[in-house]
2 protein chains.
Amino acid sequence: MRTETGSRTATLSDVAQRAGVSIATASKAMNDRDDVAAATRTRVLAAAEELSFTPNAMARGLLAGRTGTVGLLTSDLEGRFVIPILMGAEDAFGAGQVNVFLCDARGDAIREQHHLKALLSRRVDGIIVVGRQTDPRPSLGGDVPVPVVYAYAPSDDPRDISLTPDNVTGGRMAVEHLIACGHTRIAHISGDPAYAAAQDRLTGAREALSVAGLELVGEPLFSAWTEHWGRDAAALALQRHPDIDAIFCGSDQIARGVLDTARELGRRVPEDLAVIGYDNWTVLAENTRPELTSIDANLQQLGRRAARCLFDAIGGDAPTPGVRHLPVKLVIRGSTIERR
Amino acid sequence: MRTETGSRTATLSDVAQRAGVSIATASKAMNDRDDVAAATRTRVLAAAEELSFTPNAMARGLLAGRTGTVGLLTSDLEGRFVIPILMGAEDAFGAGQVNVFLCDARGDAIREQHHLKALLSRRVDGIIVVGRQTDPRPSLGGDVPVPVVYAYAPSDDPRDISLTPDNVTGGRMAVEHLIACGHTRIAHISGDPAYAAAQDRLTGAREALSVAGLELVGEPLFSAWTEHWGRDAAALALQRHPDIDAIFCGSDQIARGVLDTARELGRRVPEDLAVIGYDNWTVLAENTRPELTSIDANLQQLGRRAARCLFDAIGGDAPTPGVRHLPVKLVIRGSTIERR
DNA sequence: CTGTTAGCGCTTTCAA
DNA sequence: TTGAAAGCGCTAACAG
């Protein structure tokens, strides 16, 4: 409020007065209703312009029963998942059409309840709940008076609508790609086995192997989603099974560690050893040597889909409940295919 | 809306009716005003509970003139800066007290105007503008009817209130630390020299050197904020000046590249070569070998400060305009001090 | 202590 | 075509 000229924000009544019409007429003119004389409309619009009138969305919402706002309730501290989803949602809603309240519950159920209450009291038209893992999370419950869509982390209640990336297919695609590149001695290094993501990706990997009549080399190595573990696990795996010619990693962080170890052991990537990551976290994947092939969960699209689902639900035609697994994509870089 | 029991959301009038009191009394009871009989209050609260009544913040805002919402207008696609700032803002406001509309303009001025209009029409009480560089950005202008605070990227108009990390001091602290560790042959590798951040950090570094009677070894090497450049630049610098014993890097990405090259050239870190980064981007800094000492811009605190500034401005006592440079902090890890 | 009344800014019948 | 009036859900005087 740099230039506080003593004047409060202009209201429709100010505009009407300045244009010399009634409030009702001004309203119609502003909203492009067709029962207004062209001349009148021009006059009203001019007045609005001069007063830099901005309609009060609250007053409007009070009447309409809808607010044109949506809540995004996340527990994804780092914003790695929530940001693309937010962008997708903005895309789907159309910039400026709908505004998004972003609330970070920080993984705390109490705080989540607080935020939920606040969102409801602001009369959001719907809520998207974003988790940071693909494990099912507790449902907000059935008594939330607006539609809810769960993104990334599905709800544990099948009556809710959930959208989550298809990790099984992702795992399958990763291994299919390795096989297509001619590799047959494939190992798997992943993170915390308690994560659904870890299990699902492994499941997909095994499907692909089995179709090709192959098996994983050694047991999958599970521990943490870190580069440290990637380095250690790669050393271990390559020592136990020196004939490994490809490693499917459960995350890009792990893959980065694997690449480091490969380099230290003198394995050429991708000639001697192909490496594929997961998540396509570009700050990691584009900075390795060679750059890292990875599976991208297509989160922005997931966000768009979530927004569209929410839209439909708000509009009244509720999408069929349940968990929908959205397609992921393979991003090929130098760690699996030799550049020339 | 899983259990749509045909009932629209309960209103205060429903509560009043159920409790057998007037709307006004119900309102008072709900808002803890003291001119209500204890028994009545209990009855009203019970009724509210049973109807799971949530006050309509819009109706309330319409009356109060304030909405308890704030807009966060960003152009920081990746969310690297905006997320900690958002969290800091939530902290300062108190969870659930204030809600934040997050809008991503994606660096597009048109889209920014759209979002600004939308925020104003939602009658946010104030706006925080977050940029993704520390270079001054165009002001929203003086005719925005609510207080605006610029965070990370300052406004180019000195009449605005801007909070930005103190990069000069950051640069100074980095080099002071290297000197304190006994290094004297210090080089600087940084990113795009067109960034104010690059220049400011260099300025601070030179100040620290000059105080110690030292000079940078060679000219600072500028190019891109990438690991690739870090690798190449380190090779170049160490070839030209083999006696370099410390490198101050303009970003953690660059530092990561530098560490890779050091390892390849057989330089022991930190014994032969100390390396310090900038940003304290933990996914990078905590995964190098050794882990990376870095300067942390304290963004969450910056967010809190921004929120508090905005609060004050909303409250009427406008903080003094201008650019405030907030303190950064040194995070020491193994790349500058040997672990034992 | 409680209820009545008057709006906040806007849209929407319904008359004129 | 325009305007007067009602009311969205709530709070804040002011009487009772």
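Letters A, B, ... mirror the listed sequences (proteins, then strands); counts begin at 1. What's counted below: heavy atoms across the whole structure, side chains too, no hydrogens, waters or symmetry copies.
Closest contact between the side chain of B/Thr11 and the listed nucleotides D/dT11, C/dT4, D/dC10 involves D/dC10.
Applying the 4.0 Å criterion to OP1 and OP2 of D/dC10, one finds that B/Arg60 has every side-chain N and O outside that range. A/Asn56 has no side-chain polar atom (N or O) that falls below the 4.0 Å cut-off from OP1 or OP2 of C/dC8. The side chain of A/Thr40 places an N or O atom within less than 4.0 Å of a non-bridging phosphate oxygen (OP1 or OP2) of D/dT2. Listed pair A/Thr25 / D/dT2 fails the phosphate criterion, with no side-chain N or O lying under 4.0 Å from OP1 or OP2. Of the side-chain N and O atoms in B/Ser27, none sit less than 4.0 angstrom from OP1 or OP2 of D/dC10.
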Worked verdict on B/Arg137 versus B/Glu112 for salt bridge (charged side-chain N to carboxylate O under 4.0 Å, His left out):
CA-CA 13 Å; B/Arg137 52 146 287 148; B/Glu112 183 171 280; 2.9 Å; yes
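Distance A/Ile23 CD1 to C/dT13 P: 17 Å, rounded to the nearest Å. Whole-Å rounding puts the B/Leu12 CG to D/dT11 P distance at 6 Å. The CZ atom of B/Arg33 sits 10 Å away from the P atom of D/dT11 (whole-angstrom rounding).
Two residues, B/Arg123 and B/Ala24, neighbour DNA chain C, and the one matched to the more 5' nucleotide by heavy-atom proximity is B/Ala24. Between B/Lys28 and B/Leu63, the residue anchored nearer the 5' end of DNA chain D, judged by the nucleotide with its closest heavy atom, is B/Leu63.
Of the charged side-chain nitrogens involved, at least one lies within less than 4.0 Å of a carboxylate oxygen, so that A/Asp91 and B/Arg106 count as a salt-bridged pair.
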